[in-house]
Amino acid sequence: MIDKLYFPQKIEKAQRKFWEELKISRTLDNNNNPKFYALSMFPYPSGKLHMGHVRNYTITDVIARFKKMQGYNVLHPMGWDSFGLPAENAAIQKGANPKEWTLNNIAYMKEQLKNLGLMYDWEREVTTCLPDYYKWTQYLFEQFYKKGLAYKSEAAVNWCNKCGTVLANEQVIEGRCWRCDEIVEKKYLSQWFLKITDYAEELLDSIDKLDGWGENVKLMQKNWIGKSKGTIVEFKVKDKSDLSVKVYTTRPDTIYGVTYVVVAPEYKDIEKLTTDENKEAVENYRKNARRLNEIERLSTTREKTGVKLGSFVINPFNGEEIPLYAADYALVEYGTGAVMAVPAHDERDFDFAKKYSLPIKVVIQNRDNPNDCQLEAYTGDGILINSGEFNGLNNNEAKEKITQKAINEGFGEAKIQYRLRDWLISRQRYWGAPIPVIYCEDCGIQLVPEEQLPVLLPEDVDFSVVGRSPITTSKTFIDTTCPKCGKKAKRETDTMDTFMCSSWYYLRYCDPKNDKKPFDKELVDKYMNVDQYVGGIEHAILHLLYSRFVTKALRDMGFLSCDEPFKNLLTQGMVLKDGSKMSKSKGNTVDPDEIFENFGADTARLFILSDSPPQRDFDWSDAGVEGCSKFLNRVWKLYYQNQNRIKLDYKIDFNNLSKDNDKLVRLTNIAIKKITSDIENEFQFNTVISKYREFVNSIYDYLNINDVDDNVLSYALISLLKLMAPVCVHMTDQLYQDLGGNGSIHELEWPKYDDKLTQMNDLTLVVMINGKLRDKIIVSSDANEEELKDKAFESSKIKEFINGKTIVKTIVVPKKLVNIVIK
RNA sequence: GCCCUUGUGGCGGAAUCGGUAGACGCGUUGGACUUAAAAUCCAAUGGGGCUAAUUACCUCGUACCAGUUCAAGUCUGGUCAAGGGCACCA
C-alpha cells in the first residue's frame with residue numbers, strides 16, 4: 001500500500017537502511033560487466049558539507065546510478081583529502097588535535113553524504129591522513145626519487161608568511177597565497193621538487209587527445225605549460241673571450257635590431273660582467289630588486305628600471321658592440337636569464353630604451369606605417385631591412401634562416417622552452433605526510449627503507465611555535481640513525497604538499513585495502529581510467545595537472561598501463577545565492593542539513609539539478625526548492641490515486657490501441673528517448689527534469705479520458721518511476737516496493753524505447769510564405785512530400801496570400817514544413 | 001595587453017542538421033474550492049497594434065551592425081558588454 005501523503009523524512013531513512021542490507025552500492029572485483037568508473041573530487045573535511053559539495057556529488061551519483069541501471073559494473077567511491085592547513089590552524093586556535101579534529105569532521109560529513117542518498121561503496125573509502133594511506137604516498141615519493149623524478153635543490157621559492165610555508169607555483173594566484181591571500185615573498189631555500197618539467201612535452205601534446213574535457217580547461221593547461229619555440233644566441237663579451245652571454249629569443253628575425261642586452265638581477269655571471277666603476281650602482285640595484293615582492297616586481301604597469309653594467313657584448317651577426325644592462329624585467333628562471341633587446345619590435349624593450357635613451361633600430365618594415373618605430377614598437381610581421389644578407393625576406397622565413405646560420409656558425413641553437421616549473425612539494429607544516437628522507441653527515445640524503453614506512457607523524461609537538469614547523473619541536477622525531485652507515489642522522493621535518501596525496505587517490509580506490517603495495521596493477525588496469533570525473537573548475541590546473549603527471553610517471557615506472565587518469569571531465573559551476581557565491585562572510589549560505597530535514601534529500605537532489613546545466617553557475621532559490629517539493633508531491637499523488645490500477649506485469653498489444661492509449665504509449669517512448677539521450681549527452685539534467693514534468697503532465701491529461709487502460713497506464717507509470725530513479729532515489733524505490741516490486745528499483749534495467757513509437761501519429765505541418773509562418777495544418781506523419789505540398793496549397797489562408805502573385809518555388813521539409821516563395 | 005567563454009521574456013533557462021523562438025519551471029495576475037487561510041486545481045502571462053469585444057489577425061523581437069540563404073537564436077565578418085584564464089615568459 002502507498003501512504004496517502006509523501007513523507008520523505010520517514011521513507012528516506014528506511015530506504016537507505018534497505019540499500020545497506022542489500023549492499024547495492026558494492027563494487028565487486030569479480031564482476032565482469034563492462035566497468036564504469038564515476039568519480040567526484042573528494043572533499044577536504046572542513047566540518048560540514050556545503051551546497052557546492054551537494055551539487056558535485058549529486059551529479060556524479062545520478063551518472064553512477066544511471067550507468068548501473070544500464071548494466072555497467074560501476075565503481076563509485078568516496079574518500080577524504082584530509083591533510084592540510086585548516087586542521088593545523090584549528091589546532092593552534094582551539095587547542096584541538098589535528099587528527100581528532102579531522103576525524104570528527106569526517107564522521108559528521110560522512111553522515112551527511114549518506115543522508116543525501118549517495119550510492120558510495122564505503123568499503124573503498126580512503127583517508128589520506130591515515131597511516132595506511134600516507135605510507136603509500138611516502139612509498140611513491142621514494143619511487144619518484146629512485147627514478148630521478150624527485151630532487152632537492154636550492155632555489156628561489158614562493159614563501160607565504162602567514163601560512164609559514166613555501167608554496168608551489170600553481171598555488172600563487174596573482175602574487176598572493178591561494179589559501180590566505182597573503183602577498184607571497186621570494187626566498188632562497190633548499191626544497192624538494194618533483195620533475196614535472198620532464199613531462200612538459202607529453203602533458204602538452206596529449207591534451208589534444210582529451211576529447212572528454214572542456215576546451216576551457218584544456219586551454220588553461222596549455223597556457224600554463226606555456227610552450228614557446230625559440231633560439232639561443234651566444235653573445236661574446238668584448239675583451240673577455242672566455243666569457244659570453246647567451247640569450248633566449250622567440251624573435252631571431254630581429255637579431256639585427258638588437259641595441260642592448262639585459263640580464264636578470266640574479267644572473268649568475270653578473271659580477272664578472274660588471275666593471276669596477278659600475279659596481280656600486282649594480283650592487284644597489286640588485287639589493288633593491290630583492291626587496292620587491294612578486295606583485296610589485298611583476299606589475300606590468302610599473303615603470304621599467306635597470307642599471308648599466310659597463311661591459312659590452314658583440315652581436316655575432318654584425319659585429320656590433322652592444323651595452324649590457326641588468327633589469328628586473330628579465331626573469332632569472334626563464335630561458336637563459338638574459339634577453340636581447342630590440343626596442344623597435346618589442347614593447348618592453350621599447351619602454352626601457354625610451355627611458356634610458358638607447359637607440360631604436362628598425363629591422364622589420366611595417367607596411368602601414370613604414371620605418372616609424374619612434375612612438376611605439378612594431379610587433380607585427382613584415383619584410384626585413386637593415387639586416388645584412390637577410391634583407392628582403394619575410395620575417396617568418398627569416399626566423400628559420402637566421403637560426404640555421406647561428407647553428408652552422410656555432411653561436412646558437414634552436415630551443416623549445418616551457419613556462420612550467422618543477423613542482424615544489426616541501427611544506428614547512430605539521431599536518432601532512434612526512435617526506436621519508438634521512439640526512440646523514442657522511443652519506444648525505446638517504447631514503448627511509450621501505451620496510452620502515454610509514455614515517456609516522458609525531459604526536460609530541462608544540463603547535464604554538466612561530467616561524468618554523470611544529471614538527472621541529474618533537475623530541476622523538478628528528479634524531480635517528482643513517483640507514484646506510486648506522487651513525488646518528490636527522491630526519492627531514494618537511495611534509496608533502498597535500499596535492500601529492502590527492503594526485504593518486506583515484507588509483508587507491510581500485511585496491512583500497514592492499515597492505516603490500518599502493519595498489520595492484522591488474523586491478524588498476526581493470527578500473528582505470530576514470531570514465532567520468534566531476535569537480536570544480538578551480539582545479540583546472542593544480543590537481544588535474546599533477547594527477548596527469550603522476551599517472552604518466554607511474555606508467556613509466558610500470559605501476560599501471562593508462563596514459564591519462566581522467567577520460568571525461570565535467571567541471572560543474574558554482575552554487576550562488578542572490579547572484580553571488582555562497583560564503584559565510586556574506587551570510588548567504590544554505591545549510592544542506594536544513595534542506596534534508598525540511599524537504600528531504602530527494603527534493604534537494606532534484607532541485608540542485610533542475611535549473612541550470614551542470615557546467616553553469618546555479619542560483620539557489622528557496623522558491624525553487626518548494627517548487628520541487630510540490631512536484632514530488634504531485635508525482636506521489638499520481639501513484640497513490642492509481643495504485644489499484646497499476647500492475648508491474650502489464651501487457652500491451654501495441655497494434656490494437658485506441659487513439660488516446662496509443663498517444664500515451666508514444667509519449668512514454670518519447671520521454672524515455674529524450675531522457676536517455678539528455679543524460680548521455682553532456683548530462684543535461686535540467687532538461688531531463690523538465691521532461692519528467694512534461695511527462696507527468698501528460699499522464700494527468702491522459703487520466704481525464706474515458707477509456708483509460710490499466711496496462712497502458714502502468715506502462716507509463718512504471719517507466720516514469722525508473723526514469724526518475726537515479727535522481728529521486730528514495731521516493732521511487734519506496735513507490736516501487738509499495739506497488740509490490742521485489743528488491744530495489746536501482747537494480748532494475750533502464751527502460752528501453754522503440755524508435756517506431758517515438759513520434760506522434762499526427763504532426764503539425766508549418767506552412768510558410770517567404771519564410772514567414774502563415775498557417776499550421778495537422779497532417780498524418782506518413783504523408784509524403786507531394787501530399788504535404790497539396791495540403792499546404794489547399795489552405796484557405798495560404799490561397800489568400802498567394803492570390804495574384806507568382807510562385808517562384810516551393811520547399812518541402814519532410815515532417816516539418818512547406819515554404820512557398822512568391823513574388 | 002593577449003587568449004577563451006557567454007549575451008534569448010520579470011527570472012532560471014529550452015530550441016539534433018539553419019526549419020513554428022520562448023519547452024519546462026519560478027514569479028505575477030485572475031478564477032474555482034474554503035467561513036477564512038494554506039494546500040490543490042483551472043486560466044492568462046515577450047513588446048506593440050487592430051477590434052466595442054471574443055475567436056482571429058498584423059507587426060516588431062534572441063546584445064548591436066552588416067552579409068549568406070527560400071529560411072538565421074543557430075552560419076560568416078565587424079562592434080559592444082559581462083565573466084574567466086594568462087600576463088615584463090623575451
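So that the names make sense, note that chain A is the first sequence line, chain B the second, and so on, each numbered from 1.
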Under 4.0 Å, counting only non-hydrogen atoms across every strand here, what does A:V821 touch: a base, just sugar-phosphate, or nothing?
sugar-phosphate
Mind checking A:I811 for me? I need base, sugar-phosphate or nothing, with any heavy atom below 4.0 Å counting as a touch.
base
Note: A:K799-A:D775 ion pair, threshold 4.0 Å (strictly below)
no
Is there a side-chain polar atom (N or O) of A:Y692 under 4.0 Å from OP1 or OP2 of B:C24?
no
Give a yes or no on whether A:K355 atom NZ has more than 12 heavy-atom contacts from other residues, nucleotides or ligands under 6.0 Å away.
yes
For B:C17, does the O4'-C1'-N9-C4 (purine) or O4'-C1'-N1-C2 (pyrimidine) torsion place it in syn, i.e. within 90° of 0, or in anti?
syn
Interatomic distance at C1', B:G7 relative to B:G73, whole Å:
11 Å
Pairwise P distance, B:G49 and B:G85 [rounded to whole Å]
46 Å
Under 4.0 Å from OP1 or OP2 of B:G25: is there any side-chain N or O of A:N697 that close?
yes
In whole angstroms, the gap separating C1' of B:U40 from CH2 of A:W636 amounts to 18 Å
Which whole number of Å gives the distance between the P atom of B:C11 and that of B:U69?
36 Å
In whole angstroms, how far is the C1' atom of B:C70 from the CD1 atom of A:I802?
14 Å
Taking only the side-chain heavy atoms of A:W224 (C-beta and beyond), determine which of B:C70, B:C86, B:C88 contains the nearest atom.
B:C86
Please measure how far the P atom in B:G12 lies from the corresponding atom in B:C65, and state the result in whole Å.
23 Å
RNA chain B in dot-bracket, Watson-Crick or G-U pairs under 3.5 Å, [ ] crossing, | other strand?
(((((((..(((......[....)))((((((.......))))))((((.......))))..(((((..]....))))))))))))....
Give a yes or no on whether the backbone of A:Y334 and the side-chain of A:Y248 come within a donor-acceptor separation of less than 3.5 Å.
no
How about A:W423 and A:Y546: are their ring centres within less than 6.0 Å of each other?
yes
What is the nucleic acid contact for A:R419, judged by heavy atoms within less than 4.0 Å: base, sugar-phosphate only, or nothing?
base
C1' atom, B:C80 versus B:C64: distance in rounded Å?
7 Å
Does A:R616 have a side-chain nitrogen or oxygen under 4.0 Å from the phosphate oxygens OP1 or OP2 of B:U5?
no
Starting at the 5' end of RNA chain B, which residue's closest nucleotide do you reach first, A:Q684 or A:M768?
A:Q684
With hydrogens left out and only the distance checked, is there a donor-acceptor pair under 3.5 Å joining A:K691's side chain and the base of B:C24?
no
Out of B:G27, B:A90, B:A14, which nucleotide sits closest to the side chain of A:A623?
B:G27
Take atom CD1 of A:I769 and atom P of B:C70, then tell me their distance rounded to the nearest Å.
17 Å
Side-chain contact check for A:T687: nearest option of B:A90, B:C88, B:A14 is B:A14
Expressed as a whole number of angstroms, how long is the span from A:N770:CG to B:G19:P?
19 Å
In this structure, are over 12 heavy atoms from other groups packed under 6.0 Å from A:K663 atom NZ?
no
With heavy atoms under 4.0 Å as the rule, sort A:F801 into base, sugar-phosphate or nothing.
sugar-phosphate
Atom-pair distance (CD on A:E626; P on B:U40), nearest Å
10 Å
Let me know the distance between CD of A:E694 and C1' of B:A15, rounded to the nearest Å.
12 Å
Any A:N686 side-chain nitrogen or oxygen under 4.0 Å from OP1 or OP2 of B:A14
yes
Test salt bridge (Lys or Arg N to Asp or Glu O under 4.0 Å) applied to A:R605 - qualifying residues, sequence neighbours left out
A:D61
For nucleotides B:G25 and B:A15, find the distance between their C1' atoms and express it as a whole number of Å.
16 Å
Over how many whole Å does the gap from A:K673 atom NZ to B:U16 atom P extend?
13 Å
Among A:V339, A:L358, A:L309, find the one that has a side chain to side chain contact (heavy atoms under 4.5 Å, CB included) with A:Y325.
A:L358
Out of B:C24, B:G12, B:A90, whichever nucleotide has its closest atom nearest the side chain of A:D611
B:G12
Report which part of the nucleic acid A:R774 touches: base, sugar-phosphate, or nothing (heavy-atom distance under 4.0 Å, all strands).
sugar-phosphate
N/O donor-acceptor pair under 3.5 Å between A:Q221 side chain and A:K218 backbone:
no
Taking only Lys NZ, Arg NE, NH1 and NH2, and the carboxylate oxygens of Asp or Glu, determine whether A:E694 and A:K691 approach each other closer than 4.0 Å.
yes
Please figure out whether A:S690 or A:N216 has its closest RNA chain B nucleotide nearer the 5' end.
A:N216
Could you tell me whether A:K797 contacts a base, only the sugar-phosphate backbone, or nothing, with contacts defined as non-hydrogen atoms closer than 4.0 Å?
sugar-phosphate
So does A:K776 get a side-chain nitrogen or oxygen closer than 4.0 Å to the phosphate oxygens (OP1/OP2) of B:U20?
no
B:G46 and B:G61, which share atom name C1', separated by this distance in whole Å
8 Å
Separation of the C1' atoms in B:U8 and B:A21, to the nearest angstrom:
8 Å
What's the CD1-P distance between A:I537 and B:G85, to the nearest Å?
9 Å
With no angle test and no hydrogens, is the base of B:C86 tied to the side chain of A:N223 by a donor-acceptor pair under 3.5 Å?
no
Mark yes when over 12 heavy atoms from residues, nucleotides or ligands other than A:E400 sit less than 6.0 Å from its CD; otherwise mark no.
no
Please state whether the phosphate of B:G13, meaning OP1 or OP2, lies under 4.0 angstrom from any side-chain nitrogen or oxygen of A:S612.
yes
State whether A:S228 places a side-chain N or O below 4.0 Å from either non-bridging phosphate oxygen (OP1 or OP2) of B:A90.
yes
Lys/Arg-Asp/Glu bridge criterion (N-O < 4.0 Å) met for A:E320, A:K361
yes
Side-chain N,O (A:R634) to OP1/OP2 (B:A39) below 4.0 Å:
no
